[in-house]
Amino acid sequence: MSMSDQSRHEDQGRLEDQVKGQEDRKEAEDRQEEQKRVEQVVGVISRRIESLEQHVSDVKEDIVHIRKNFWEDVTVNFDDAIEAVETYASIKQQAEVLSERERLHRHASNQLKTLVRLQKSPYFGRIDFREDGEKTAERIYLGIGSLLDENEGEFLVYDWRAPVSSLYYDYSPGPAQYETPSGLISGTMELKRQYIIRDGVLCSMFDTGVTIGDELLQEVLGKQADGQMKSIVATIQKEQNKIIRNTSKRLLIVQGAAGSGKTSAALQRVAYLLYRYRGTLRSEQIVLFSPNPMFNSYISTVLPELGEENMQQTTFQEYVEHRLGDWFTVEDPFSQMEYIYTAMNEPGYNARAEGIRYKAGGEWLRVIDAYVESLRNVGMCFRDVKFRGRTLISADAIKERFYEMDSSLRIPNRMRLLAEWLLGELKRLGKKEINRAWVDEAIELLDRDDYQRVYQELRGKKQFSGETFNDFDRERELLAVKVVQEHFAPLRREVKQLRFIDLAALYRQLFEDPQLVQSLTGSLELPGHWPEICSQTMACLDGGNLFWEDATPFLYLKERVEGFQTNTAVRHVFVDEAQDYSPFQFAFMKRLFPHAKLTVLGDLNQAIYAHSTSGQDFAGLATLYGEEHTEKIILTRSYRSTRPIVQFTSAMLRGDNAIEPFNRDGKKPTLTKVSDQQDLAEKVAARIGEMTAAGHRTIAVICKTAKESREAYEALREKVPVRLIDKETVSFEEGFHIIPAYLAKGVEFDGVIIYNASRAQYGRERERKLFYTACTRAMHELHLYCLGEKSPFLADAPVDAYVEV
């Protein structure tokens, strides 16, 4: 190198050092300035908290005082009508004062909770946005709640749900725009910055592009799970933000890979809707159908963390049991699944499996619709109206009356007219009961209190005005009428509830004659095992039980005959693990919530129910609501698991399943072969000890079924403090869990152990998705144990995707 070249090289080096030094100083100054602002904002929050705490305390004292002295501050006088009106007005006024104080206290308490959360981490992002036509950019800081500078009248922190906040999630620096109630705002984003703030201290900050920076995601995703799902507002990705802020379509379908943030985005969507429509939408007008009761516990803290009340949470099973529990013992979906995965060698298995698929589909729905239409003219089933073992009104008489009515009337309308006729008949027949011997016996059995109660009731109705009963015949007549009325009351109540319809016989009738359904379906082909399916269904019904696959069809038939009990108050319905719902269940749900928008979240690769094996997708659901009212969003990036785990699990799937792993490194999954059950238990227990030592707080031993879970629990309980999770478990906690694969859906664990990944357990093609679902629960570590030949699904994974121990 010549002297001139060397000189130029040195000059360039000094220039680069000078530039780097300037950048470092600029970064240090920026960081110092940002830390100063954090301290200023935390100071504002602290002062606001102090003031608000005093306000909450004062309001609470007011409420206690009002409740304690409620009646002392009310003028009570019922001497005449005018005084009574004044008394009512006084009570109403005092009650309104109390209600207002309670509302004020509730609002202030919610504000206080939000401020306490903001105090620890006041914001997580910043954008500098210059609106078109403006010379300078506005600095916009985003947090889980808004914070207004009351002196300056400017926002120190914007709520992440505010319209302007969408810029942070959807754009990189450059041209950007966002929707507001008054129209579209366009401009330029000059800076997009993210922060990690802990307890009022700026731990790190970095400028980023369109997606939320990997540094923040690494920091969040690298943490251990603690038994509760967390809010993701700081790490919402562009595609998730599209889910959260969608308000235009009646049906939103979110199809996403395991760990892609479907459920998290849905919960943030609930928070966004409550914020956007806070004047007209309340949390009780939103319903979430979750996969099991334990899942409700797992997600229970997300909305309160964002300062919102939880929506209504239930399972479809709980709803069905609530509606049908008085009629049958209803099989739950987990028992059905246990049967499908354990009873392959039992007689009648193939017929039951085929029946499950058939009764879940749209064809069976059309059969029941056709059946209901035929009932207009023939075939309705009724019960005798009985009293004290005697038939008062026969089923045949009720049936005759029903078919005397105009057949053009809808069946529910005819049922209401029939109920009115039956009530009239009961009134007429009640008069005939008055002179029966049982009435005299009932009168004689009246004790003094009953006698006095009847007397007071009759006196209040002015049927008797004397001081005592002094006319024996009149006394007996009045008491007899009252006794008969009370004994007939349950009959009248049952008639009003339409209990005179024999719904069990009505549904059973569909299976008594295998040719009946054939006549209703016309040219449609019945399942090959239809006669055996009919026999199984009737045997179940005759035992007072109802298969899970019959529960929704039975309830649908009940509603079609009696009239739908629709819920018009609910405005939004969310369905998690939607791939496990049948077309029949979705059609029923649409009729149940006629005014609600529907958000469904699912992963077809985790479709593990028997009715899912047909390979159905959500196309039928879009048809149900109309393509023009439907939007479908597909999430392909998985954030839950490390890259090695995602690469391992995605290899099990066949077809076009492009799952993009988040760039988070970790250990490869392991496969350990064991010699017998004792060796299996000892090695699994040792592995749990190693994972605990590594700092993992939630560890799951995932089994194929509840039966295998109980066996694993008995083998491990003396070695490690494990908790057995079953379908009755309602809370999710830290620790070591043994759980069937189908109950682990939607939940994630630091480490997962597949108890027996052998061909014997996971060898049939229908078990592929169950195996995949179990493996995808792991965040940081996945370990498989195998007693005997390994599952053939592992052969689809590259040889270097896991380590054989």
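Because only heavy atoms are used, hydrogens play no part in the values below, and waters and symmetry mates are left out as well, while side chains stay in.
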- [ ] Report the residues that fulfil side chain to side chain donor-acceptor pair (under 3.5 Å) with Arg352, sequence neighbours left out, ordered by chain and then residue number.
- [x] Glu331, Glu549
- [ ] Keeping to residues at least two apart or across chains, list the side-chain hydrogen bond (donor to acceptor under 3.5 Å, both in side chains) pairs with something in residues 488-499.
- [x] none
Task: Qualifying residues under ring-ring contact (aromatic ring centres under 6.0 Å, His included), relative to Tyr349, sequence neighbours excluded - done: Tyr339
- [ ] List in chain and number order the residues that pass side-chain contact (heavy atoms from CB on, under 4.5 Å) with Gln515, two or more places apart in sequence or in another chain; answer none if no residue qualifies.
- [x] Asp513, Gln518
TODO: Name all residues meeting the side-chain contact (heavy atoms from CB on, under 4.5 Å) criterion together with Arg436; count only those two or more places apart in sequence or in a different chain, and write none if there are none.
DONE: Arg390, Glu433, Trp438
Open item on the list: Assess whether a salt bridge exists between Asp580 and Lys745, defined as any Lys/Arg side-chain N lying under 4.0 Å from an Asp/Glu carboxylate O.
Closed with: yes
Task: Residues which pass ring-ring contact (aromatic ring centres under 6.0 Å, His included) with Phe586, listed by chain and number, not counting sequence neighbours - done: Tyr581
TODO: Return the set of residues passing ring-ring contact (aromatic ring centres under 6.0 Å, His included) with Phe382 (not counting sequence neighbours), or none when no residue passes.
DONE: Phe402
Task: Side-chain heavy-atom pair Phe316, Val575 within 4.5 angstrom cut-off - done: no
TODO: Sequence neighbours left out, what passes side chain to side chain donor-acceptor pair (under 3.5 Å) with Glu532? Give chain and number order.
DONE: none
- [ ] List for me each residue that meets side-chain contact (heavy atoms from CB on, under 4.5 Å) alongside Ser535, sequence neighbours excluded, and say none if there are none.
- [x] none
- [ ] Taking only Lys NZ, Arg NE, NH1 and NH2, and the carboxylate oxygens of Asp or Glu, determine whether Lys262 and Asp576 approach each other closer than 4.0 Å.
- [x] no
Task: Asp369 bridged to Arg560 by N-O distance under 4.0 Å - done: yes
Task: Sequence-distant partners of His529, side chain to side chain donor-acceptor pair (under 3.5 Å), two or more places apart - done: Glu354
Open item on the list: My understanding is that only residues two or more places apart in sequence, or in another chain, count here; which of them pass ring-ring contact (aromatic ring centres under 6.0 Å, His included) with Tyr341?
Closed with: none
Open item on the list: According to side chain to side chain donor-acceptor pair (under 3.5 Å), who are the partners of Glu284, at least two apart in sequence or on a separate chain?
Closed with: Arg282
